[in-house]
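Okay, structure first, notes after.
Letters A, B, ... are given to chains in the order of the sequence lines, protein chains preceding strands, and every chain is numbered from 1.
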Number of protein chains: 2
Amino acid sequence: MKYIEKLRNSGLRPTKQRLQICEVLFNSEKTFHFTINELDQKIKKQINDKISLATIYNTVHAFEKKGYLKQIPINSNQTYFDTNISDHHHFYDLKEEKLIDLENADVGPINILKKINGKRIKSVEVLVKLED
Amino acid sequence: MKYIEKLRNSGLRPTKQRLQICEVLFNSEKTFHFTINELDQKIKKQINDKISLATIYNTVHAFEKKGYLKQIPINSNQTYFDTNISDHHHFYDLKEEKLIDLENADVGPINILKKINGKRIKSVEVLVKLED
DNA sequence: ACACCTTTTTAGAATCATTATAAACTACTA
DNA sequence: TAGTAGTTTATAATGATTCTAAAAAGGTGT
Ligand SMILES: [Mn+2]
Ligand SMILES: [Mn+2]
Ligand SMILES: [Zn+2]
Ligand SMILES: [Zn+2]
């Protein structure tokens, strides 16, 4: 029910698979970071249906394009996504290989002084790597 | 000649391949960003020897570990490296898929207010995505 | 409900960057 | 010069992601 309109408004048909993925992604108390494979595992645990991996890829990319997910720039062999789409930054714990949110207030205001002719700033993302 | 000592001091044997890669990477006026495949092309053009792709991977990773190269966190199917190892940040031109250096002075000082128990900040990297 | 068309799902294949393997080769040291 | 550890190399393996094309499902109008 909850997500049908959201999908329709985005021009995405509210299929069973997409609604189930919405539940897993957006129906939790806290936002979280994930790779496609982690999401696949989470879906397996939370629902009794099987959703093909291709559909998970398709859906995550569709949601990202609509702005319901963010991709996090990080050096990893897997792509990391974030259900927290607010303007925020990240710690990356190198040992644990885990991302931790840094709210915008946790980082002083960032002022980009350099300008590039004919280009606009789309986003400013800070990655703070942590070691022991 | 120039790089033999540098390699020896790092505990890396100054092999012909490593010295040739040093020439391509560090003997240019300006620093630059590259993927492994771009470096492979550059090597092919600048030297008359063939260096196997595996050696290029090995060498780039060895140099990165020694701090002679930096890896740039970015969402791409290929890993980006930087011969500019100074503390600096990047524009990423989404259309051109090109990185542009942002010197530290081009970005206001960044103050991370949040602390994580038992962890130290290793690096702070800013990625500014550009669109038209 | 039915027909029709479009979008979506799916299993499986393909792609491609990266890493592993293991044999040949090379740099250093005694 | 022999011995040893480090390095290079061709090639295979891995694994995340994308592609394909056929089947299934959604949406719309009747
Ligand atoms: Mn995407
Ligand atoms: Mn590396
Ligand atoms: Zn986040
Ligand atoms: Zn740079």
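- Remark: B/K70 pairs with no residue by the salt bridge (charged side-chain N to carboxylate O under 4.0 Å, His left out) rule, at least two apart or across chains.
- At whole-Å resolution of the value, CG in B/N77 and P in C/dT19 are 14 Å apart.
- By the neighbour-count criterion of 12 heavy atoms within 6.0 Å, atom NZ of B/K115 is densely surrounded, having more than that number from other residues, nucleotides or ligands.
- Remark: B/K129 engages A/E125 in a salt bridge, criterion side-chain N to carboxylate O under 4.0 Å.
- For B/H61, a side-chain nitrogen or oxygen approaches OP1 or OP2 of C/dT19 to under 4.0 Å.
- Heavy atoms of A/T79 sit under 4.0 angstrom from primed sugar atoms or phosphate atoms, though from no base atom.
- Whole-Å rounding puts the A/L39 CG to D/dA16 C1' distance at 15 Å.
- For CD of B/E97, the number of neighbouring non-hydrogen atoms (other residues, nucleotides, ligands) closer than 6.0 Å is 12 at most.
- There is no side-chain donor-acceptor pair under 3.5 Å between B/N75 and B/Y92.
- If you measure from atom CZ of B/F34 to atom P of C/dT18, you get 11 Å, rounded to the nearest angstrom.
- The distance between atom CG of A/L7 and atom C1' of D/dG27, rounded to the nearest whole Å, is 15 Å.
- Put simply, CZ on A/F81 is 14 Å from P on D/dA16, counting in whole angstrom units.
- Whole-Å rounding puts the B/Q78 CD to C/dT19 C1' distance at 16 Å.
- Each of B/K30, B/H89, B/H88 was scored for a side-chain hydrogen bond (donor to acceptor under 3.5 Å, both in side chains) with B/D101, with one residue passing: B/H88.
- In this structure, A/K65 places its NZ atom 11 Å from P of C/dT8, rounding to the nearest Å.
- Between B/Y57 and C/dT18, a side-chain N or O to OP1/OP2 separation shorter than 4.0 Å is present.
- Going from atom CG of A/N75 over to atom P of C/dT19 covers 11 Å, rounded to whole Å.
- For A/R8, no side-chain nitrogen or oxygen approaches OP1 or OP2 of D/dG26 to under 4.0 Å.
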Whether each nucleotide of nucleotides 1-10 of chain D has a protein heavy atom under 4.0 Å at its base (B), only at its sugar-phosphate (S) or at neither (-) is summarised, 5' to 3', as ----BSSBBB
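- Ion pairing between B/R120 and A/D132 fails under the 4.0 Å rule for side-chain N and carboxylate O.
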